Amino acid sequence: MTCVPWCTAGYGIETMTIKTKFFVVCVVASLFVLALVGNVLYHTNQDILCFMRPKPLTAYQTRDGLTGVLDLEDDDSMDFFHAKGMKRRLPQAIIIGVRKCGTRALLAMLKLHPKIQAASAEIHFFDRDENYSRGLDWYRRHMPYSYPDQISMEKSPAYFITDDVPERIYKMDPSVKLLLIVRDPATRVLSDYTQTHTNKVERKKPHESFEELVLDGSRINTKYKAVRTSMYSKHLVRWYSRFPKQQIHIVDGDKLIRDPVPQLQEVEDFLGLEHKISYSNFYFNETRGFYCMKDERTNKCLSDSKGRKHPDVEPRVMQKLQEFYQPFNEKFEEMTGKKFDWP
Ligand code: A3P
């Protein structure tokens, strides 16, 4: 029988001296220990790039492409992240509104920045009494894991129009940075109407026309919430009475739609972050009619509920709305020191 000695374990071991056997065992054991230590070092030196799914069981991906699954509710499972200084932190920046002005787009685009971690869902901590009464620790537990050098953020557009919110946020952290995105107020009303109208139609609920809601006889109906939300200067007064102007950065939502990068770079500056978001992160999607995002791990457009086609409404009603907002817009520009190309 022909046999290659090194492939036959029994033959090899039988012919070895005790010394050689001891040597081989030591070499194998050392290799094993080295592999183990190497593996641990490799894993503990990764930077977490993102958590890919919401809690509690979530996949993660590191900056070096390592992926895994964690139970975020389980402390043992989280030891690796705690060791890296990852924690759920109260936000250092909040998008406070305005509803239907591009709050989701702004947050999604800012998440392209490696130094930003953002909560996916709207937390509604400061505007809903039942959440606020649960305390700051409840709020913190709804924030994403972040590294000490990252900024964690959330967006809840209802904050902008809710009376108690500026005071409550101030109490949490008087130095928190606030982002406010606005767009042409009349178009915002139409966008707001479109969202509510679509939901009502889908649920087969009764619905009124835009004209019926916006007009009260020949006047603008200020009882309609969507109309009041677009009176930006009225709401901003409350915020400016609590926070210094420099702490509230205004994003132009119409410009964010047309050309997102300059708006995002202004936000990077405001947050004290290096410019990392660039034109290479965007492509224009002809079908959607909006910019979509891409980087090494993302290639996505916002959901279909963003960028809905607005219904055709009577031009004279839109015109009336625009005239109605004129004084509020002038006041808003005066307060913020920014110019907007609203009609
Ligand atoms: P419309 O649906 O009326 O077009 P919010 O996230 O605050 O609800 O705002 C929704 C609005 O974001 C949309 O209003 C849309 O115009 C705007 N938006 C801005 N950038 C967008 C993008 N890249 N993709 C889709 N919608 C975007």
Side-chain angles (χ1 to χ4, degrees), residues 93-113 118-124 127 153-162 165 178-202 210 213-214 224-230 232 235 249-267 277-295 298-313 317-318 321-322 325 340-343:
I94 304 176
I95 299 176
I96 56 173
V98 182
R99 172 185 155 88
K100 303 318 295 170
C101 287
T103 53
R104 174 59 60 192
L106 179 61
L107 190 75
M109 289 169 181
L110 287 175
K111 272 166 98 167
L112 292 166
H113 198 292
S120 310
E122 291 177 8
I123 304 179
H124 287 280
D127 61 306
M153 301 183 66
E154 69 125 336
K155 74 119 180 161
S156 296
Y159 291 167
F160 183 59
I161 56 160
T162 311
V165 173
L178 304 172
L179 291 163
L180 177 68
I181 178 165
V182 289
R183 84 195 274 196
D184 167 28
T187 313
R188 198 216 68 79
V189 178
L190 184 53
S191 172
D192 204 328
Y193 168 80
T194 310
Q195 165 149 320
T196 322
H197 178 78
T198 312
N199 292 341
K200 283 184 178 167
V201 171
E202 279 170 8
F210 182 70
L213 287 167
V214 166
Y224 181 31
K225 190 175 175 190
V227 166
R228 290 202 310 278
T229 301
S230 282
Y232 303 146
H235 303 288
H249 178 75
I250 318 279
V251 177
D252 186 325
D254 297 296
K255 288 188 180 155
L256 190 83
I257 293 177
R258 293 197 298 268
D259 184 11
V261 174
Q263 292 302 306
L264 297 167
Q265 288 182 338
E266 279 185 18
V267 177
I277 306 173
S278 69
Y279 283 96
S280 66
N281 291 119
F282 298 95
Y283 65 95
F284 191 76
N285 184 311
E286 297 288 346
T287 324
R288 296 295 314 274
F290 285 95
Y291 278 98
C292 297
M293 289 152 272
K294 62 181 161 79
D295 65 7
T298 321
N299 185 338
K300 69 162 195 171
C301 301
L302 297 190
S303 74
D304 289 345
S305 66
K306 306 293 172 187
R308 287 190 182 101
K309 188 180 163 350
H310 295 169
D312 290 330
V313 293
V317 179
M318 284 309 276
L321 265 181
Q322 275 153 10
Y325 285 121
F340 299 88
D341 43 14
W342 299 332

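Atom set for the values below is all heavy atoms of this structure, side chains included, hydrogens, waters and symmetry mates excluded. Just so you know, ligand 1 is whichever comes first in the structure, and atom 1 is the first atom listed for that ligand. None of these values were measured; they are calculated from a predicted model.
- Looking at T187 and H310, their side chains come closer than 4.5 Å, going by heavy atoms from C-beta outward.
- With no hydrogens or angles considered, a side-chain donor-acceptor pair links Y283 and N299 at under 3.5 Å.
- Legend: salt bridge (Lys or Arg N to Asp or Glu O under 4.0 Å) pairs involving residues 180-201, not counting sequence neighbours, sorted by first then second residue: R99-D192, R188-D192.
- Salt-bridge check for D295 with K300: failed, with every basic side-chain N at 4.0 Å or more from each acidic carboxylate O.
- In this structure, the side chains of L264 and L256 come closer than 4.5 Å at one or more pairs of heavy atoms.
- Ordered by chain and residue number, the residues placing a heavy atom less than 4.0 Å from ligand 1 are K100, C101, G102, T103, R104, A105, M109, R183, S191, I257, F290, Y291, L302, K306, G307, R308, H310.
- Residues Y159 and E122 have side chains that never bring a donor and an acceptor to within less than 3.5 angstrom of each other.
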